[in-house]
There are 2 protein chains.
Amino acid sequence: MSFAFNDRPGLAPETRDRILVIARSMGWTPSWRARALSVSRALAVGLVIARPPDTLRADPFFPSFIAGVEGVLAEHGYALLLQLVASGGTGDSAYRRLATEGRVDGVLLTDLHVDDERPALLAEIGLPAVIVGPDLEEPCWPAVGVDDGPGVQAVVAHLVSLGHVRIAHVGGPDVLVHGRSRRVAWASALMSAGLEPGPFVEADFSAEAGATATRQMLELAEPPTAIFYANDLMAMAGIAVAASQGLSVPAQLSIAGFDDTELGAHLQPPLTTVTTDVVGWGRAAAVRLLDLIEQREPAALGLCPPSLVVRGSTARAPTTQVPAS
Amino acid sequence: MSFAFNDRPGLAPETRDRILVIARSMGWTPSWRARALSVSRALAVGLVIARPPDTLRADPFFPSFIAGVEGVLAEHGYALLLQLVASGGTGDSAYRRLATEGRVDGVLLTDLHVDDERPALLAEIGLPAVIVGPDLEEPCWPAVGVDDGPGVQAVVAHLVSLGHVRIAHVGGPDVLVHGRSRRVAWASALMSAGLEPGPFVEADFSAEAGATATRQMLELAEPPTAIFYANDLMAMAGIAVAASQGLSVPAQLSIAGFDDTELGAHLQPPLTTVTTDVVGWGRAAAVRLLDLIEQREPAALGLCPPSLVVRGSTARAPTTQVPAS
DNA sequence: TTGTACGCGTTATCAT
DNA sequence: ATGATAACGCGTACAA
């Protein structure tokens with residue numbers, strides 16, 4: 001029986017072998033259902049994705065993230081339970097159900113809102129959880145820190161070194177921590193470079209919103225010479241808007257993204273952006289969550305820092321002012 | 001007890017109410033683990049994704065598909081178990097494990113290869129499965145038909161009506177059924193239009209491969225005046241390649257994609273493509289699979305047919321031959 | 001080493 | 001017809 005499989009001490013080797021042979025010959029595999037019941041663990045972790053489908057479609061985050069998570073989970077015999085919540089909320093009820101039904105032993109939290117009530121909810125329920133996102137004010141909660149700061153700083157420094165002075169930002173929703181943190185990093189990087197913050201438009205990470213925001217930027221009396229977008233998708237839409245207005249990128253307008261989408265490298269011009277180790281986050285988050293579930297000491301985990309990828313969409317700032325509109 | 005929840009006959013209404021009230025006051029929820037054990041069902045279905053992470057990242061298919069699947073499953077109290085297999089195979093062992101451990105009651109099959117051995121494997125194991133993909137030779141197997149034919153035909157018809165004669169195709173891997181089916185549809189559409197098949201390059205759905213294929217096309221002695229790509233990602237990369245070679249799209253080269261990625265609509269020029277109801281496939285696949293698992297008669301399910309979206313990347317064929325290179 | 005109680009909802013059986 | 005009771009599924013863990 002189970003001793004054989006778990007290779008426990010106190011069992012004659014030959015007996016164990018005999019059992020294993022017979023078991024194999026019968027095609028026996030431990031039933032996961034029974035196992036889950038007896039150890040009173042689900043042997044699964046949940047990932048609730050609360051995002052409008054449209055934003056989700058073009059986002060390279062989740063596939064990579066899930067790949068990282070799943071790799072670790074599989075090694076430990078855990079399964080990944082995916083749940084999408086369509087509505088605008090953060091899916092509280094989904095988490096609650098997952099927890100009370102005992103379907104999962106822990107959950108991963110992404111797309112955290114500022115003042116997100118999910119951590120409190122999960123603490124109340126007593127469900128282990130790992131937050132994936134930029135460091136919060138309360139660092140006590142287990143989280144894999146995804147500090148966008150260095151990446152953003154690298155972009156701004158790059159643009160500053162090219163002589164840009166009016167560096168704009170098209171951000172994600174400010175209620176999302178990773179939207180806000182990128183904006184804050186952008187603002188503080190400008191400040192520490194001695195520049196005043198350029199124009200800022202809040203968008204929602206979608207191409208549509210990126211395009212609209214770009215149009216707004218270009219209609220300004222004093223348009224920026226460089227725009228930094230909170231993700232590649234918006235940046236790519238931005239390049240298209242500039243092109244459609246006869247503005248040449250990067251000669252007249254420099255554009256930088258964030259995420260390093262595959263397509264970005266193959267556009268014309270190829271997109272300057274920031275690579276982030278999303279698979280690594282996934283792995284780290286999974287390791288941390290399993291440590292939490294199995295009450296192990298949290299292992300130290302190394303994450304690749306974000307790194308700037310300079311490509312063709314950024315160049316020296318134009319010496320003459322770009323005429324408005 | 002369970003009679004109350006399942007609303008079985010043979011129980012006085014007032015007793016049932018009393019039980020429910022007490023249960024609620026105690027915050028009781030049926031344990032999913034015990035339930036799964038006693039009904040000897042996992043109450044979950046599996047989705048094994050066997051794809052290189054890079055191809056996965058930029059693909060809008062899975063997020064939409066999963067959204068569709070998950071919506072249906074949640075309604076029926078089923079969970080979605082996600083598994084990614086990194087290696088090049090189709091993840092046979094992953095399916096086998098899922099089945100023998102009893103973690104799932106059925107699986108969804110995507111990215112089917114020609115001569116895929118998974119259907120046979122699953123039949124042998126006795127695990128209900130629904131294939132998502134173009135109709136196969138053996139229509140006996142439960143599948144949600146994703147017939148790309150009409151969409152491809154619409155694209156070709158559109159290009160033909162614009163006067164194009166040399167219509168090329170950059171396809172997906174020919175070992176994948178949806179790669180092959182699009183190529184076949186393209187070839188037969190050309191044939192029925194009385195045109196000889198234009199040049200064909202097999203790629204792998206990635207932007208990189210799309211770009212390379214496009215370069216090959218444009219180096220031909222007699223380059224095509226229109227290229228139809230098996231997905232938007234390759235098409236977008238194709239537009240960029242053309243642009244970088246000083247070829248104007250659509251004036252000198254028409255380009256069409258397949259999938260209707262969000263970004264496609266916001267590029268310059270916006271991409272002509274085919275919308276497919278991926279969320280609908282997800283829903284249909286889930287419904288079908290649950291019917292199969294619960295041994296119901298398969299419900300008829302309506303799928304939106306693919307539809308052509310004409311945008312700016314296609315135009316009348318140039319009257320003068322495009323000079324090579 | 002071997003046997004047995006346990007976890008927990010479901011369902012069939014047995015009284016009432 | 002209605003309520004109560006027991007057996008079941010299947011590993012696990014502890015006692016014997």
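Bear in mind that the values here come from a model prediction, so they are computed numbers and not experimental data.
Checking side-chain atoms of A:Ser40 against main-chain N and O of A:Leu37 turns up no donor-acceptor pair under 3.5 Å.
Between B:Arg35 and C:dC8 there is no side-chain N or O to OP1 or OP2 distance below 4.0 Å. Contact between the side-chain N/O atoms of A:Trp28 and the OP1/OP2 oxygens of D:dG11 is found at a separation under 4.0 Å.
Between the CG atom of B:Leu43 and the P atom of C:dC8 there is a distance of 17 Å, given to the nearest Å. Note: CD (A:Glu101) to P (C:dG9) measures 12 Å, nearest angstrom. In this structure, CH2 of A:Trp32 is placed 14 Å from P of D:dC10, rounded to the nearest angstrom. As a whole-Å value, the separation of A:Arg41 CZ from C:dG7 P is 17 Å. Computed from coordinates, the B:Arg103 CZ to D:dC10 P distance equals 17 Å when rounded to whole Å. We find that CD1 of B:Ile19 is positioned 9 Å from C1' of D:dG3, with the value rounded to whole Å.
In the set C:dG7, C:dG9, D:dT12, D:dT12 carries the atom at the smallest distance from any side-chain atom of A:Val39. Listed nucleotides: C:dG9, D:dT12, D:dC10. Nearest to the side chain of A:Ala34: D:dC10. In this structure, of C:dG9, D:dT12, D:dG3, it is D:dG3 that holds the atom nearest to the side chain of B:Thr15.
Annotation: of the two residues near DNA chain D, B:Arg18 and B:Ser40, the 5′-most nearest-nucleotide partner is B:Arg18. Both B:Glu14 and A:Arg33 lie near DNA chain D, and the one whose nearest nucleotide falls closer to the 5' end is B:Glu14.
Ring orientation note: the planes of A:Phe205 and A:His178 are close to parallel, at an angle under 30° on the 30°/60° scale. Taking the six-membered ring where tryptophan is involved, the planes of A:Phe62 and A:Phe65 are perpendicular, since the angle between them exceeds 60° and thus also 30°.
Atom CZ of B:Arg296 sits in a crowded spot, with more than 12 heavy atoms from other residues, nucleotides or ligands closer than 6.0 Å.
You'll find the side chain of A:Glu70 stays beyond 4.5 Å of the side chain of B:Ile49, heavy atoms only.
Among the atoms of the strands shown, only primed sugar atoms or phosphate atoms (P, OP1, OP2) are found under 4.0 Å from some heavy atom of B:Ser31.
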